[in-house]
2 protein chains.
Amino acid sequence: MRLSTKGRYAVTAMLDLALNGKNGPVTLAEISENQGISLSYLEQLFAALRNKDLVRGVRGPGGGYYLGKSADEISIANIICAVDEWVEFTRCGGRQNCSGGARCLTHTLWDDLSSEIFNFLADISLGDLVRRNLGKKEEEDSPLSVVGDSNSQAA
Amino acid sequence: MRLSTKGRYAVTAMLDLALNGKNGPVTLAEISENQGISLSYLEQLFAALRNKDLVRGVRGPGGGYYLGKSADEISIANIICAVDEWVEFTRCGGRQNCSGGARCLTHTLWDDLSSEIFNFLADISLGDLVRRNLGKKEEEDSPLSVVGDSNSQAA
DNA sequence: CTAAATACCAAGTGATTTACTAGGTAATAC
DNA sequence: GTATTACCTAGTAAATCACTTGGTATTTAG
């Protein structure tokens, strides 16, 4: 699993689309304005998202983008994998002199960890994030946050 | 949370160190040989790890590296944060015209998600991975894997 | 005391990625 | 028909990646 700023841009843009696309398509110009991402960069990201059927574009005036499927069917892992091409880390494709050595021991461990992270992100859907956000908007000061307090201990 | 190949190199190297460092220090030359990582690149990674007290170096013949603390006290998040400098994603540092707009809504959501991923990795220690690996070595074909089958569905 | 082994350090490098700009073409609503 | 939108291609400065080169500092073995 590769998790870079590019993936964050994509997740952020998709979140914006999910939040604002309730009635009618959302233009990339709006997302660009909302999220402060350059229009052309968004076009590149959405080309990748379109290839994976995560979004659907409509041309012409009044056009824009819809989600390609329901927000509940789109996981964060889907989004990140669409724009951040998966790169194979281990050089030994199972074969080679690597098998059996101490080298593949850690490779296997890393692969397991990698799967765990992937599954973690695959379990969170765009719909989850939207509901989470709406809940926050309405309760505002209710201490019932699903995601924990998240006072940026991730720094 | 930034998760790139650089972080994987660091985690892999630390895993190698934890597995082979039971008696006496492990040299970077050994890790380089075991894991197929260039010696000088390892030196750079270990410089960062040393700064965070995750490893301790011993010079001279018979020298090498020890873990800076017990494997149970070192989380995967610790390792990745040591080598992959944390980059702030949102441009609005809380202030600015951003607050209140639809922009910060998704920013907040991303921050929450980011925290979740961080906490997830902060909950896995090097010691966990080592025990996981030893378990696998001894049971080999027992279907009691802690991490699931992980037949690379993360691809 | 000397030589070898190791950590430690600094500079540079080609390849790739990032986020962007520029300059289009294609389809559609009005 | 014209404006608006998606869609496409090429290029680019800056950063990052993984590595090479060429050292210096410290410690052990002999």
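Scope of the values below: all heavy atoms of this structure, side chains included, with no hydrogens, waters or symmetry mates. Per chain, numbering begins at 1; letters A, B, ... match sequence-line order.
- Under the 30°/60° scheme for interplanar angles, the aromatic rings of A/Phe46 and A/Tyr65 are found to be tilted.
- Protein atom CG of B/Leu45 is 14 Å distant from nucleotide atom P of C/dC8, rounded to whole Å.
- Between C/dT17 and A/Ser4, no contact under 4.0 Å exists linking OP1 or OP2 to a side-chain N or O.
- The side chain of B/Pro61 sits closest to C/dA5 out of D/dT20, C/dA5, D/dA18.
- Picking from D/dA6, C/dA19, D/dA18 the nucleotide with the shortest atom distance to the side chain of A/Arg59 gives D/dA6.
- Side-chain atoms of B/Asp84 never come within 3.5 Å of backbone atoms of B/Ile80 as a donor-acceptor pair (strictly under, hydrogens ignored).
- B/Leu42 places its CG atom 10 Å from the P atom of C/dA7, with the value rounded to the nearest Å.
- The distance between atom CG of B/Leu39 and atom P of D/dT21, rounded to the nearest whole Å, is 12 Å.
- Residue B/Val83 is the one, among B/Glu43 and B/Val83, whose nearest nucleotide of DNA chain D lies closer to the 5' end (criterion: closest heavy atom).
- Between A/Ser38 and A/Gly60, it is A/Ser38 whose nearest contact on DNA chain C lies nearer the 5' terminus.
- In this structure, CG of A/Asn51 is placed 12 Å from C1' of D/dC8, rounded to the nearest angstrom.
- Side-chain contact between B/Asp72 and B/Ser125: present, with at least one pair of heavy atoms (C-beta onward) separated by less than 4.5 Å.
- When the nucleotides C/dA19, C/dA4, D/dC17 are ranked by their closest atom to the side chain of A/Tyr41, C/dA19 comes out on top.
- Per the geometry, CD1 belonging to A/Ile31 stands 17 Å off C1' belonging to C/dC20, to the nearest Å.
- Checking C/dT18, C/dA19, D/dT28 against every side-chain atom of A/Asp84, the shortest atom distance belongs to C/dT18.
- With rounding to whole Å, A/Leu3 atom CG is found 15 Å from C/dT18 atom C1'.
- In this structure, B/Tyr9 atom OH and D/dA18 atom C1' are separated by 7 Å, rounded to whole Å.
- Taking a cutoff of 4.0 Å between a charged side-chain nitrogen and a carboxylate oxygen, B/Asp128 and B/Arg131 qualify as a salt bridge.
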Start with the C-alpha distance between A/Ser75 and A/Asn78, add both sets of side-chain angles, then the distance that settles side-chain hydrogen bond (donor to acceptor under 3.5 Å, both in side chains), and finish with yes or no.
CA-CA 5 Å; A/Ser75 74; A/Asn78 288 152; 3.1 Å; yes
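- Note: CG (B/Leu28) to P (D/dT20) measures 15 Å, nearest angstrom.
- The shortest distance between the side-chain N/O atoms of A/Arg50 and the OP1/OP2 oxygens of D/dC8 is below 4.0 Å.
- Nearer to the 5' terminus of DNA chain D, by closest-nucleotide assignment, is the contact made by A/Val58 (compared with the other of A/Val58 and A/Gln44).
- The base of C/dA19 is not paired with the side chain of A/Ser40 by any donor and acceptor separated by under 3.5 Å.
- Distances from the side chain of B/Thr27 to the nucleotides D/dA18, D/dC19, C/dA7 place C/dA7 closest.
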